[in-house]
There are 2 protein chains.
Amino acid sequence: MAKMIDVAKLAGVSVATVSRVLAGSGKVSKNTKEKVERAMKELNYKPNKLARNLRKLESKTIVVVIPDISNPFFTDVIRGIQQVAQQHDYYVLLGDTGNDVKAELDFIDLIKERAADGVILVTARTSPEKILEIAQEVPLVVACEYIKGAHLSMVTIDNVSSSQKVVDHLVSLGHRRIGFISGPLNVIISRDRLKGYVSGLKKHGLEQDSSLIQEGDFTISSGFESANRLLDLAEPPTAVFASNDEMAIGTIKAIKNRGFQVPGDIAVVGFDDIQIATVIEPALTTVSQPKFEIGRCTMEILLELIQNPSTRQEHVVLPEHLVIRESCGYPLVR
Amino acid sequence: MAKMIDVAKLAGVSVATVSRVLAGSGKVSKNTKEKVERAMKELNYKPNKLARNLRKLESKTIVVVIPDISNPFFTDVIRGIQQVAQQHDYYVLLGDTGNDVKAELDFIDLIKERAADGVILVTARTSPEKILEIAQEVPLVVACEYIKGAHLSMVTIDNVSSSQKVVDHLVSLGHRRIGFISGPLNVIISRDRLKGYVSGLKKHGLEQDSSLIQEGDFTISSGFESANRLLDLAEPPTAVFASNDEMAIGTIKAIKNRGFQVPGDIAVVGFDDIQIATVIEPALTTVSQPKFEIGRCTMEILLELIQNPSTRQEHVVLPEHLVIRESCGYPLVR
DNA sequence: CTGTTAGCGCCTTCAG
DNA sequence: CTGAAGGCGCTAACAG
């Protein structure tokens, strides 16, 4: 494997000059530049990134920490991250934690070991205090999740108002008894979606019935079980709002399982807009998160933070929108 | 950021000793070892991987080149790769090409730049000759795809015999007119699945009708269109075998769209067994690839190749199995 | 068991 | 515009 000095010798110049043409830092005569380039090509020279990284004390790599890469929601976010990373010559290291907090911390440690220049957390199982502490020391951006009132770079949507919009939609279709399946309530975005649901009800003068609220854990099966509890009610809801698409799918399964129709008998709304939402029958009406854009934006902020660690930390809120498909049908007539 | 020499000074030893306790190479007295460890903890020392990498001329990183990370098939493979990588202290760099051949080559180049120690190709858009040439120079393993008769490390399933099994199953249910939707025929695994279908027909003494074979491109919409062509036939098939689950989903949509039932009127089989296969209605009977295991196995082979580049290259064929769900129903009575 | 020393390959002042 | 030289932080001989 040819190295810089080989190129230098062949071109009859010094390593400094080779380094200069590599960096494209203009101060090389056209003539020598050509000589060097010819030599590089002849030797099939590739600069050794290991050496460059050590010298510059940067790795040109960022870590994306996610709970589970086989969850389709995250892969779209990653694609956004990757796109911006590539444009700026950064690589992305995959930090799949398998939902393990220890693994999360280990990946973050990569920065201290200089194997990465920054981290994106698309999960935040670690305690908020810890994350804040880490964010003081290293470039870190949190995506999708957030920490309340924290002085920290974050990119999310507004989970409260988007949930409220769902209630608006359901009410406009004539529903007055709306069930809600929340995500795990120890997660802030789950609480936000619940909050939006509750304030949506209030806005329309509907009373809140705690039996209509069930806690799930974002899986299809928890959606199925929660929906069953809702269907067991003396007076079941005419619509169910699930806090993510997987749970909405479980809900649809539960409803069909009892011989009811969606949306004929009961309307269903999801959240996230993953691909399955378009494939399931009926196609799911859901809150579409700008996943790709979240990824892009997160990476852009991280890049700024890496270049200038004293950049003011900000919480960016991206717009989402309700996608109306088939699972809510048309206005109820009762 | 504390470095090794700081630890050495604080512990009153030389850097070599610190390096030794870090490497755990036994030849340090218990006493000094403790001193060093205390110093490391006190300074909150983390070894600089950049320096270590340069010194050892390795990056402890491998690149996984995939066409599209938001395709759920690949993420399961990646999880398998990641698991083994983690066990061996390797990191995985994501090489999402977005189906671009140039990007594929660029990611492979990372090895020559020593930013990675090996590559896993879960796609192979690049020409076989080029791949073989590259594999001579760097540790490279191909997963899911393969190159015929090549002296190259590959991990796949047997696409021919598994497709034949699908035909066996369909025939056992009474089907004699079986449609086939292939993947793009410039891809070898598509041709293999077609080959299995054809030889399956022959095995059961069924004649091959070329109008029953349609070429798709692995997307839902191509499945939909191909299925429509099949349904337009004067004598449509009683069963359709699609070469992947996405196309099978498109097929089911097309069939339902015409007012027919699956499996009541027409049976459908897919290939891959991605998550959607269990969610779609009817749940899809499909060939289940051991995706996670493919990932694990591929990474293990790559590891061997990295440690010993002269390892004999081998083509590992992993077992798959047919998962029978609802989309084929029960034996036909005609 | 421990210390000394010479690089890994590159970038970047500082001179010229 | 070009060259010489000093590290980046660590590991691996080689001595002792």
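Per chain, numbering begins at 1; letters A, B, ... match sequence-line order.
Annotation: of the two residues near DNA chain C, B:L57 and B:K30, the 5′-most nearest-nucleotide partner is B:K30. Comparing B:L54 and B:A16, the nucleotide of DNA chain D nearest to each residue sits closer to the 5' end for B:L54. When each of A:R52 and B:V13 is assigned the nucleotide of DNA chain C with its nearest heavy atom, B:V13 is the one assigned upstream, toward the 5' end.
In summary, of the residues considered (B:V65, B:L110, B:D109, B:I62), a side chain to side chain contact (heavy atoms under 4.5 Å, CB included) with B:V119 occurs for B:V65 alone. Here the rule is side chain to side chain contact (heavy atoms under 4.5 Å, CB included) with B:Y90, and of B:T61, B:L302, B:L303 only B:L303 fits it.
Computed from coordinates, the A:I5 CD1 to D:dG6 C1' distance equals 15 Å when rounded to whole Å. A straight line from CG of B:L43 to C1' of D:dG9 spans 15 Å, rounded to a whole angstrom. Atom P of nucleotide D:dG9 and atom CD of A:E58 are separated by 14 Å, given to the nearest angstrom. For A:K56 and C:dT13, the NZ to P distance is 11 Å, given to the nearest whole Å. When rounded to the nearest whole Å, the span between NZ of B:K33 and P of C:dT2 equals 12 Å. What separates NZ of B:K35 from C1' of C:dG3 is a distance of 13 Å, to the nearest Å. Between the P atom of C:dT12 and the CG atom of A:L22 lies a distance of 11 Å, rounded to the nearest Å. We find that CZ of B:R20 is positioned 14 Å from P of D:dC14, with the value rounded to whole Å.
The shortest distance between side-chain heavy atoms of B:I147 and B:I188 does not fall below 4.5 Å. Side-chain contact between B:M40 and B:L22: present, with at least one pair of heavy atoms (C-beta onward) separated by less than 4.5 Å.
Using a 4.0 Å heavy-atom cutoff across all strands shown, A:S19 reaches at least one base atom of the nucleic acid. Using a 4.0 Å heavy-atom criterion, one finds that A:M4 contacts the sugar-phosphate atoms exclusively.
A close approach under 4.0 Å does occur between a side-chain nitrogen or oxygen of A:Y45 and OP1 or OP2 of C:dC10. Of the side-chain N and O atoms in A:T17, one or more sit less than 4.0 angstrom from OP1 or OP2 of D:dG3.
Relative to the side chain of B:A51, the nucleotides D:dT2, D:dG9, C:dT2 differ in distance, and D:dG9 lies closest.
Salt bridge B:K3/B:D6: absent, no basic N to carboxylate O contact under 4.0 Å.
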